[in-house]
Amino acid sequence: MKLNAPIQIADINFGNAIMNAAYVHSKTLEDVEALAKSGSGAIVVGSILVKAREPNPGQGYWRHKEGFYSLNSYGLPNGGMPYFKENLPKMVEIAHAHDKPLIANVVGFTKEEFVELIKLAEESGADMVELNLGCPNVWHKGKQKRIISYHASLVKEVLDFIAKNPPSIKIAVKISPLPPDILGEVAQVIIDSGIAQVVTATNSYPNAATTTGTNGPDKYDDTLAGLAGRALKPISLGIVQQLRAALPDSIQIIGAGGVSTVNDVNDYLKAGASAVQIATALVDDGLSLFTRINQS
Ligand code: RRO
């Protein structure tokens with residue numbers, strides 16, 4: 001398959017099948033300007049929250065010295081509604097000027113916040129909103145905030161609440177690397193809600209320990225972080241395959257986890273994804289990676 005070719009997801013035109021994931025360089029106007037000029041087929045912005053947040057204390061990002069994986073505990077740093085009310089419409093304008101759709105990745109701490117953030121995305125002219133149900137890095141006084149996608153009941157609560165007033169904007173649901181039974185339950189909840197056109201799989205694997213052999217302090221410490229990068233790929237790929245079997249054709253899949261080469265992209269497309277997202281490899285290699293993959 002020719003990679004550097006336009007595709008359609010949820011009836012939206014994408015420049016090609018490769019885009020950034022919501023990650024560390026996808027939160028500001030400057031980030032969007034850089035992504036617009038890159039070879040990315042779409043621009044994902046976020047994660048966007050209602051309230052602005054500072055990053056978690058500490059290092060935040062660890063890379064295995066041989067690139068086997070990354071670990072992150074960013075903690076959803078972002079400008080919140082005040083920043084995005086002003087800047088998301090400008091980001092959409094920049095993306096569209098470069099013929100790229102804009103996907104707003106949002107995290108609500110309540111179902112009401114998800115609705116508020118969907119409205120923000122709609123009013124800003126975004127093409128799609130990606131409901132991030134898998135962020136692993138919110139801790140308060142040593143206790144971890146529950147990760148919605150690991151609980152089918154919580155996924156149902158959020159999606160059914162949104163479905164009461166179905167938004168006109170296209171909806172993607174981004175999930176964690178889920179174990180088999182929970183994956184089946186969550187897939188069914190997504191189908192039953194009737195509001196999602198896309199499932200993005202996957203976010204990082206939660207609560208991995210920082211280890212020796214990374215670029216950080218070269219030791220194990222008690223920080224827990226989301227595992228991503230190459231080590232995540234077989235897991236996410238298996239999830240894409242299982243999702244493809246579980247979901248109707250009307251729901252497309254965006255794969256994410258360990259993509260850094262054309263072979264990685266092709267593996268995801270063969271497993272049933274329509275496109276892929278990249279995070280770790282963009283941190284490592286920069287935005288020129290899009291063109292390198294698309295032209296190889
Ligand atoms: O900001 C983060 O720490 C973060 C988020 Br929102 C997410 O969805 N996934 C991740 O690995 N890190």
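Start at 1 and go down the list; that is how both ligands and their atoms are numbered. Numbers here simply count residues along the sequence, with the first being 1.
- The shortest heavy-atom distance from Ser47 to ligand 1 is under 4.0 Å.
- Among protein heavy atoms, the minimum distance from atom 6 (Br) of ligand 1 is reached at Cys135 SG, 3.3 Å.
- Within ligand 1, the atoms closer than 4.0 Å to a non-hydrogen atom of Tyr74 are 1 (O), 2 (C), 3 (O), numbered from 1 in the order shown.
- A donor-acceptor contact under 3.5 angstrom links the side chains of Thr211 and Tyr69, judged on distance only.
- Distances between N or O atoms of Pro77 and those of ligand 1 include no value under 3.5 Å.
- Asp160 and Lys156 are joined by a salt bridge, as a carboxylate oxygen and a charged side-chain nitrogen come within less than 4.0 angstrom of each other.
- Counting only heavy atoms of the protein, atom 11 (O) of ligand 1 lies nearest to Ser204 OG, 2.6 Å.
- What sits closest to atom 12 (N) of ligand 1 on the protein, heavy atoms only, is Asn72 OD1, 2.9 Å.
- Distances between N or O atoms of Asn137 and those of ligand 1 include at least one value under 3.5 Å.
- The proximity of Pro136 to ligand 1, defined as any non-hydrogen pair under 4.0 Å, is limited to the side chain.
- In this structure, Lys100 fails the cation-pi test against Phe14, since its NZ or CZ atom is not both closer than 6.0 Å to the six-membered ring centre and inside 45 degrees of the ring normal.
- With a 4.0 Å heavy-atom cut-off, ligand 1 is reached by the side chain of Asn132 but not by its N, CA, C or O.
- The shortest contact between atom 1 (O) of ligand 1 and any protein heavy atom is with Leu76 N, 2.8 Å.
- Of the protein's non-hydrogen atoms, the one nearest atom 9 (N) of ligand 1 is Asn203 OD1, 2.7 Å.
- Which parts of ligand 1 touch Gly75 is read off a 4.0 Å heavy-atom cut-off, strictly below it: atoms 1 (O), 2 (C), 3 (O).
- A side-chain donor-acceptor contact under 3.5 Å links Asn207 and Gln144.
- Salt bridge status for Asp127 with Lys170: absent, with no side-chain N to carboxylate O gap under 4.0 Å.
- Ionic pairing of Arg230 and Asp264 is not present here: no N-O contact between side-chain nitrogen and carboxylate oxygen is shorter than 4.0 angstrom.
- Ser250 and Gln197 are not linked by any side-chain donor-acceptor pair at a separation below 3.5 angstrom, with hydrogens and angles left out of the test.
- There is a side-chain donor-acceptor pair under 3.5 Å between Ser73 and Asn56.
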